[in-house]
Amino acid sequence: MRFLLLPFLVFLSYLSAQAADAAVSVEATADVTTETLSSTLKLYLKSRDGTKIYAEATGNKNGPHVIFAHGLACTNAAFDPLFNDRSMTSSLYMVRYDTRGHGLSGKPLSPDFYTSDRYADDVKAVIAGFKLKKPFFVGWSLGGAIGADIAANFPTPLPFSGLIWLAGLPYIGDILPKVATPKVLSFLPGLEETNNATSALQTRIDFVETLSSATATVPYDIKLAWVGSAVYLPPAAASLALGRSQDPSKLLAQGKAGWPLLIIHGTKDLQIDGNAVISNMAPLFKNVETHMIQGAGHIPFFDDESSVAKYILAWTKRIARTRPY
Ligand SMILES: *[C@@H]1O[C@H](CO)[C@@H](O)[C@H](O)[C@H]1NC(C)=O
């Protein structure tokens, strides 16, 4: 590359100073791109029903494999703090994807496309696309409910090392009113609103303001990205993603059979009550570890990234070593 660049730069020296500046910036951009491409693999996968699933992977393929699923009105990009943490990427092979209806993934607008088995099919596409072996599955917020889709639709013993709920909703059903705050429930009509743009857009901003426990200190560019993520979710798709039904019985059966569960929650979560998640769910799992992170909100891996990383790393390392399931 240098050999080709040299005569090119000699030729450029005859041109104006402005043109030479441009050549320097081209070279710098090329270096950055090469580094990014070698560390992150980005794929558009196809789920069994044809829905497009956007996913990306980074990290150490020799470490435990871990899939991350984001919550309602967010995208895989919310996980940037964890995916930019070298302690995580040097130990784990980390894959994140946009769930159907969200981000860069397909947005079918019929209820048939939001059944439990189709959510499991998306996870199957991610596993096949990145050739994952017995991955851990991390579900943040509404993404936590995908654990129930996995348990209901994969053969047992489940080909997953364990489940992590990061400020997670255990499943969609009777648990929702026990763990969801009135605040987050008050946003649902606005997120689903299809006839009033004023209300639909304002709700996306209000929703984002309840992610961090220190929302006043969240940088403006980050908030703009979070609101932008929420706008990628069409209101009609929000209704379908929230209105779908799940059968948690197989999740509970696997919990009883020892499928490992890690619950990580913030004490200042404005959307889901971590103590309620732990008191309702932990007794039903034979192999469960729980952590309440002091002061963290609904996006604990933004509010206190180092604590979340520390708990995920220690737990996945222990489970991968002891193989309790
Ligand atoms: C639309 O929503 C806004 C904000 O919630 C509300 O003030 C307004 O009355 C609504 N408009 C209609 C036509 O319902």
Side-chain angles (χ1 to χ4, degrees), residues 51 69-80 98-114 119 139-146 166-246 265-274 276-277 296-303:
T51 301
H70 61 82
L72 180 68
C74 296
T75 69
N76 83 84
F79 292 119
D80 276 353
D98 287 343
T99 61
R100 52 180 57 215
H102 292 78
L104 296 177
S105 288
K107 303 171 200 314
L109 293 179
S110 144
D112 310 351
F113 284 82
Y114 290 81
Y119 277 79
W140 169 41
S141 191
L142 184 63
I146 296 172
L166 256 184
L169 176 71
Y171 56 90
I172 296 169
D174 60 353
I175 193 75
L176 186 69
K178 296 179 192 162
V179 301
T181 64
K183 188 89 195 156
V184 74
L185 295 175
S186 77
F187 293 142
L188 303 187
L191 291 173
E192 299 176 20
E193 176 61 61
T194 55
N195 292 314
N196 185 334
T198 306
S199 158
L201 290 170
Q202 184 60 49
T203 305
R204 280 153 177 76
I205 297 171
D206 297 343
F207 173 85
V208 159
E209 291 292 344
T210 63
L211 288 177
S212 170
S213 58
T215 193
T217 67
V218 174
Y220 187 41
D221 59 340
I222 302 276
K223 279 188 189 172
L224 294 175
W226 289 348
V227 172
S229 291
V231 172
Y232 270 73
L233 172 70
S239 298
L240 295 167
L242 284 160
R244 72 193 187 97
S245 59
Q246 283 191 308
H265 222 105
T267 60
K268 293 235 170 103
D269 190 323
L270 298 173
Q271 296 197 11
I272 297 181
D273 177 349
V277 171
H298 191 58
I299 185 160
F301 47 89
F302 180 87
D303 289 336

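These values consider heavy atoms only, across backbone and side chains, with no hydrogens, waters or symmetry-generated copies. As the structure lists them, so they are numbered: ligands from 1, and atoms in each ligand from 1.
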Inset, instruction - Could you check atom 5 (O) of ligand 1 against the protein and tell me its nearest heavy-atom contact, residue, atom and distance included? - result: Ser199 CB, 3.8 Å
Legend entry - Check: Gln246 and Tyr119 side chains under 4.5 Å, non-hydrogen atoms: no
Legend entry - Donor + acceptor pair across side chains of Asp269, His298 (<3.5 Å): yes
Inset, instruction - Output yes when the distance from some N or O of ligand 1 to some N or O of Thr198 is under 3.5 Å, and no in every other case. - result: no
Legend entry - More than 12 heavy atoms of other groups within 6.0 Å of Tyr232 OH: no
Inset, instruction - Evaluate the side-chain proximity of Leu72 to Ser141: yes if any heavy-atom separation is below 4.5 Å, no if none is. - result: no
Legend entry - Closest approach of any protein heavy atom to atom 13 (C) of ligand 1, naming residue and atom: Asn196 ND2, 4.4 Å
